[in-house]
Amino acid sequence: MPELPEVETIVNALEREMTGENFTKIETFIDVIRYPLTLHKEPELLNSKIVTVRRRARYIIIELANLHAVVIHLGMSGSIRIVPQNEARKKHEHVLFYLSNGQTMRFDCPRRFGFIKTCSLPTAGAQPPFLHDLGVEPLSPKFTGHYFKTQTAKRRGAVKNLLMNNSIVVGVGNIYVAEAMFAAGIRPDRLGSSLTEDECKKLVAEVKKVLRQSIKAGGTTFSDYRQIDGSEGKFVRELKIYGRAGEPCLKCNTEIIKSIIGGRSSFTCHKCQK
DNA sequence: AGAGATACCTGGGAGC
DNA sequence: TGCTCCCAGGTATCTC
């Protein structure tokens, strides 16, 4: 499933392929994915130059010269491909964006957890209005151990849930939370407010590290994520704890235990993580 | 206010 | 082999 590194990989590729082009036609093949699709009825999205493709949290923002924007969220199984216009449409390619260079950008979303919103921007480079309440970017200098300590100190709940809370820090999903918490030696069910400043520092550092490693590897292919050329991400080979319930811990051989925290699968080595 | 639970959806794996 | 069942996930929304 696409987490932040995957979205980053996709955004970089879209920026390279689409900047300077424009949409000549938008076709939808389904009325509702997560929300009703309306963008095929919005002529202001057509024939205006694509100025940038950027990312905020897991949202892909395609900004047009006329200050309209297409905002795409891939949900858990969405992917985007850029292929020639004459290529046959795949079963779950629900939206086709025709580009002025003869290519199509295709939004594929088998489980329909993704969505596409459109909005107008107050100024060039501005954030879409509905993204204003998001927390800091995990790879930005704003995400520090001290910041995380401040946030956890005033809240209740398990550390894992706080790391996945989008109003604190964005784009850290279930896979990378598991990996970062293992690397930092902290149990995911620890009360967030029980973390020392040093533990927060260590955890924040490991979150950044695991995200950077994954970006370098082209993202994690787990079930159906693909890069825009259809190739697989390679980070899945490097997962040390996620999905390894019942298997021995790679550091100490203790059996990895699966539990449910915040309604999501969690993986813990009770010897290495305190 | 904030935290927890739930709905959304379907491919794929497990089990029979 | 083929069927059924259940699980995976991020976000919005509801409830407490």
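Letters A, B, ... are given to chains in the order of the sequence lines, protein chains preceding strands, and every chain is numbered from 1.
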Verify the contact: side-chain N or O of [X] to OP1 or OP2 of [N], cut-off strictly under 4.0 Å; return yes or no.
{"X": "A:His92", "N": "B:dC9", "result": "no"}
{"X": "A:Ser265", "N": "C:dA8", "result": "yes"}
{"X": "A:Asn174", "N": "C:dA8", "result": "no"}
{"X": "A:His73", "N": "C:dG10", "result": "no"}

Look at the rings of A:His73 and A:Phe115 and say which category their plane angle falls in: under 30° parallel, 30 to 60° tilted, over 60° perpendicular.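 Parallel.
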For A:Leu162 and for A:Arg264, locate the closest nucleotide of DNA chain B by heavy-atom distance; then report the residue assigned to the nucleotide nearer the 5' terminus.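 It is A:Leu162, whose closest nucleotide lies nearer the 5' terminus.
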Start at the 5' end of DNA chain B and walk down; is the nucleotide closest to A:Arg156 or to A:Lys91 reached first?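 First, find each residue's nearest nucleotide; the 5'-ward one identifies A:Arg156.
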Rounded to the nearest angstrom, tell me the gap between atom [atom1] in [X] and atom [atom2] in [N].
{"X": "A:Asn165", "N": "B:dA1", "atom1": "CG", "atom2": "P", "result": "15 Å"}
{"X": "A:Lys160", "N": "B:dG4", "atom1": "NZ", "atom2": "C1'", "result": "14 Å"}
{"X": "A:Arg111", "N": "B:dC9", "atom1": "CZ", "atom2": "P", "result": "14 Å"}
{"X": "A:Ile33", "N": "B:dA7", "atom1": "CD1", "atom2": "C1'", "result": "16 Å"}
{"X": "A:Phe267", "N": "C:dA8", "atom1": "CZ", "atom2": "C1'", "result": "10 Å"}
{"X": "A:Leu134", "N": "C:dA12", "atom1": "CG", "atom2": "C1'", "result": "13 Å"}
{"X": "A:Leu191", "N": "B:dG4", "atom1": "CG", "atom2": "P", "result": "9 Å"}
{"X": "A:Lys90", "N": "B:dG11", "atom1": "NZ", "atom2": "C1'", "result": "14 Å"}

Donor-acceptor pair under 3.5 Å: do we get one between A:Arg34's side chain and the base of C:dT11?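 A donor-acceptor contact between them is present.
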Confirm from the modelled atom types if A:Arg155 and B:dA3 form a donor-acceptor pair under 3.5 Å, side chain to base only.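 Donor-acceptor pair under 3.5 Å: no.
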Nucleotide nearest [X] (side chain, heavy atoms from C-beta), chosen from [options]:
{"X": "A:Lys258", "options": "B:dT10, C:dC7, C:dG10", "value": "C:dC7"}
{"X": "A:Asn161", "options": "B:dG4, C:dT11, B:dC9", "value": "B:dG4"}
{"X": "A:Arg112", "options": "C:dA8, C:dT11, B:dC9", "value": "B:dC9"}
{"X": "A:Phe113", "options": "B:dC8, B:dG11, C:dA12", "value": "B:dC8"}

Donor + acceptor pair across side chains of [X], [Y] (<3.5 Å):
{"X": "A:Glu44", "Y": "A:Ser48", "answer": "no"}
{"X": "A:Lys271", "Y": "A:Asn253", "answer": "no"}
{"X": "A:His40", "Y": "A:Glu27", "answer": "no"}

Please classify the nucleic acid contact of [X] as base, sugar-phosphate, or nothing, using heavy-atom distances under 4.0 Å.
{"X": "A:Gly263", "answer": "nothing"}
{"X": "A:Phe130", "answer": "nothing"}
{"X": "A:Arg58", "answer": "sugar-phosphate"}

Using the side chain to side chain contact (heavy atoms under 4.5 Å, CB included) definition, which of the options A:Leu74, A:Val70, A:Val71 pairs with A:Ile60?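 Single side chain to side chain contact (heavy atoms under 4.5 Å, CB included) partner of A:Ile60 among A:Leu74, A:Val70, A:Val71: A:Leu74.
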Can you tell me how far SG of A:Cys249 sits from CD1 of A:Ile241, rounded to the nearest 0.5 angstrom?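 Result: 6.5 Å between the selected atoms.
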